[in-house]
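The figures that follow rest on heavy atoms only: side chains count, while hydrogens, waters and symmetry mates do not. Model, not experiment: these values are computed from the prediction. Just so you know, ligand 1 is whichever comes first in the structure, and atom 1 is the first atom listed for that ligand.
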Amino acid sequence: MLGKQVFAIFLVIIMVLFCIQITIATHSYVVGDSAGWTFGVSSWANVRKFDAGDLLLFRYPKGVHNVVIVNKANYDNCNAIGKTLSSGNDSVALGKGPNYFICGIGGHCNDGLKMEAIAH
Ligand SMILES: *[C@@H]1O[C@H](CO)[C@@H](O)[C@H](O)[C@H]1NC(C)=O
Ligand SMILES: [Cu+2]
């Protein structure tokens, strides 16, 4: 008797958790796939459809590159002004709309280590 009620409540809890899981499910992407965060990476980003909350994982040799989260003006002008990540294995959740990333080391941004990821 009590066993059946407990079981029913248990089932409801499982179903609620399952629904929550579906709503918050996000994708994660390794930026540039096997090439990683490197020159020409925008061609990787341009063909992908991201959702707000998706996780981007930036992989690169630590010290060789970094990842600076910039605004559009600084993206266009390769000004490395913004939150800077430098572990070589950096994870960033996308906000809705355009997200701009550049490498702040040397002339790498001007040489094509920059990327816009648009999240819907
Ligand atoms: C890189 O980061 C991801 C996600 O934060 C983690 O799962 C993975 O183990 C890390 N890899 C290395 C080599 O640190
Ligand atoms: Cu770089």
Novice: With F50, which of L56, I118, N99 fulfils side-chain contact (heavy atoms from CB on, under 4.5 Å)?
Specialist: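 Passing option: L56.
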Novice: Measure across S91 and L55 and return the closest heavy-atom pair with its distance rounded to 0.1 Å.
Specialist: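 Here S91 and L55 meet closest at OG-CD2, 3.8 Å.
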Novice: Do you know how many protein N, O or S atoms are within a distance smaller than 2.8 Å of the Cu ion (ligand 2)?
Specialist: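 Counting protein N, O and S atoms closer than 2.8 Å to the Cu ion (ligand 2) gives 3.
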Novice: Please report the shortest heavy-atom distance between Y29 and D54, naming the atom on each side.
Specialist: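 Nearest pair, atom of Y29 first, then D54: CE1-OD2, 3.5 Å.
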Novice: Would K114 count as a cation-pi partner of F101, with NZ or CZ less than 6.0 Å from the six-membered ring centre and within 45° of the ring normal?
Specialist: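 No, K114 and F101 do not form such a contact.
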Novice: Can you name the nearest heavy-atom pair linking A119 to G95, along with the distance?
Specialist: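 That would be CB-O, 3.3 Å.
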Novice: Test: side-chain hydrogen bond (donor to acceptor under 3.5 Å, both in side chains). Region: residues 56-67. Which pairs qualify, not counting sequence neighbours?
Specialist: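 Found R59-N89, Y60-D90, H65-H108.
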Novice: Please say yes or no: joined through hydrophobic side-chain contacts below 4.5 Å, possibly via intermediate residues, are I69 and I105 part of one cluster?
Specialist: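 I69 and I105: separate clusters.
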Novice: Could you tell me whether some N/O pair between N89 and ligand 1 is separated by less than 3.5 angstrom?
Specialist: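 There is such a contact, yes.
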Novice: Give a yes or no on whether atom 2 (O) of ligand 1 lies under 4.0 Å from any heavy atom of the protein.
Specialist: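 Given the 4.0 Å limit, the answer for atom 2 (O) of ligand 1 is yes, a protein heavy atom qualifies.
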Novice: Check the pair C109 / C78 against disulfide (SG to SG under 2.5 Å), numbers first and verdict last.
Specialist: CA-CA 6 Å; C109 174; C78 282; 2.0 Å; yes
Novice: Take atom 7 (O) of ligand 1 and look for protein heavy atoms under 4.0 Å from it; say yes if you find one, no if not.
Specialist: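 No, because not a single protein heavy atom sits under 4.0 Å from atom 7 (O) of ligand 1.
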Novice: Looking only at protein heavy atoms, which one is nearest to atom 4 (C) of ligand 1, and how far off is it?
Specialist: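 Ranking protein heavy atoms by distance from atom 4 (C) of ligand 1, first comes L57 CD1, 4.1 Å.
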